[in-house]
Amino acid sequence: MFLQIEKCGLNCYRIPRQGEMKVEARVYLNEFLYENYLEEESLEQLCDAASLPGVYRYVIGMPDIHSGYGLPIGGVMAMEVPDGLISAGAVGMDINCGVRLLRTNIGVQDLDKKDLEKLLREIAARVPTGIGKTSKHQADLGRHFAEIVESGFPVLLELGYARPEDRRFVEEEGFFPGANLSKVSNKARKRGNQLSTIGGGNHFIELGEVAEIFDRENAALFGLTRGSLSVLIHTGSRGFGHQICVDYSSIMEKSAKRYGLKLPSRGLAAVPIESPEGKDYFAAMSAAINFAFANRQIITHDVREAFGAYFDCRDTELDLGVVYDVAHNIAKFEEVEGRELLIHRKGATRALPPQHRGNPSAYRSSGHPVFIPGSMGTSSYIIVATPKVVETFYSVNHGAGRVMSRREARRQFDVEMLREQLGPIVFYGDRERNILDEAPQAYKDIDAVVDTLAEIGIIKKVARLSPLAVVKGGKGGRRGRR
DNA sequence: ATGTAC
């Protein structure tokens, strides 16, 4: 396909309807990102999504866009309800992959490299990292698995994995009510033993410093003080959600034919929202969503215990409260300008503006915070959305975005380079050679990506986190440390 | 992203 692309405002481009497209596509990029990182393939994927029946207004590419399976990462596709489609591939493999931030009252000036190393070891001793790792709490969690994924928070509270106030600071209060484990394959259920693990790829637990405050009022509201230690947790639904995506992609591909749907690509296999297969996927996806919220919650508990052990005190004395928890691979029914839509976000984060009812009451005046992690070794940002965010259906980018495939990164980079890039940042996890695909050079410049939406007033920066120490797993192999 | 295979 030869694509026409035209500028439609500051940091915004549009691809007019052409071929099979039902609506146009638009992508948010500043000049730097447009010149350096724009790939034809990811634009074609936006256009493919724009050709699905029922798609609403336009399909959106975020500044961190890069090609994925079906919808690109950094893609937002809204479907009309009830006549639109639902697509497992447009949510992605890691259902409810997301980011949670914990604050502390610990000043980073009180911690030296040795402290950080020890703290990291306490965390790593409790939270497994790397592909295929299984839970350390399996005896406990296995018994309550159905309840955790179908009923969510109360059982976690009962089991001692949560503080009562935690759930108020999670998107959707950490719970999708329609979850139904009977719509989840046995194969996926077996992989449920990965609950309370980080996984591999871009997942991590990072200790950082609140290094810069841009918005004093909102930073104070979020309990963030300059110079304090923060904990960023990035993980999702592990093998459980992955298997659900694989299972339903295949179901959807077969069923689409029966519904007479012409699919633009296998990765965009989709069925009507109201069809039995569509409803079943939503119920199974909801289980994976609850799984991932529970995953980040139990890891929060493990991190609190690690801090308590290292500082030899009760974890509540160190604060370690949840600032917020956002999902970035998810499909949700949401209202935009009075219209109900099924919004698919794949590598895109929901971001509600100030005064929106979906905000937790504590954040009603500011809008909830959104966390945009950079790559390993670079800064992460805390932002809030402005009322203008309605034009992206309440969505912002989720990270820096890859500039090359994992395979290409492993080919191009070496361990020396990664060590140099990490500099003084303490690392614990797989050997460096197992995480070369996560080298910062494999990602876009986080500042350019965050600035793209900030420059046009869709988001407002609140604070910047600078990494100090990171726990991260890779493709396996022996433990190493640096 | 992911026990990189039925």
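The chains referred to below are lettered A, B, ... by the order of the sequence lines, with proteins before strands, and numbering in each begins at 1.
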Quick one: are [X] and [Y] in side-chain contact, heavy atoms under 4.5 Å?
| X | Y | answer |
| --- | --- | --- |
| A:I86 | A:V271 | yes |
| A:K332 | A:F176 | yes |
| A:R345 | A:M62 | no |

How close or far is atom [atom2] of [N] from atom [atom1] of [X], stated in whole angstroms?
| X | N | atom1 | atom2 | result |
| --- | --- | --- | --- | --- |
| A:K133 | B:dT2 | NZ | P | 12 Å |
| A:R406 | B:dT2 | CZ | P | 9 Å |
| A:K472 | B:dT2 | NZ | P | 10 Å |
| A:I73 | B:dT2 | CD1 | C1' | 13 Å |
| A:Y69 | B:dT2 | OH | C1' | 14 Å |
| A:I244 | B:dT2 | CD1 | C1' | 14 Å |
| A:Y248 | B:dT2 | OH | P | 21 Å |
| A:Q243 | B:dA5 | CD | P | 13 Å |

(request) Would you mind classifying the nucleic acid contact of A:G200 as base, sugar-phosphate or nothing, using non-hydrogen atoms under 4.0 angstrom? (result)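 Since only primed, P, OP1 and OP2 atoms lie under 4.0 Å of A:G200, the category is sugar-phosphate.
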(request) Identify whether any heavy atom of A:G201 sits under 4.0 Å from a base atom; if not, whether one sits that close to sugar-phosphate; answer base, sugar-phosphate or nothing. (result)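 Result for A:G201 = sugar-phosphate.
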(message) Checking side-chain contact (heavy atoms from CB on, under 4.5 Å) between A:V471 and each of A:L119, A:V303, A:L120, which is the one that passes?
(response)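 Answer after filtering A:L119, A:V303, A:L120: A:L120.
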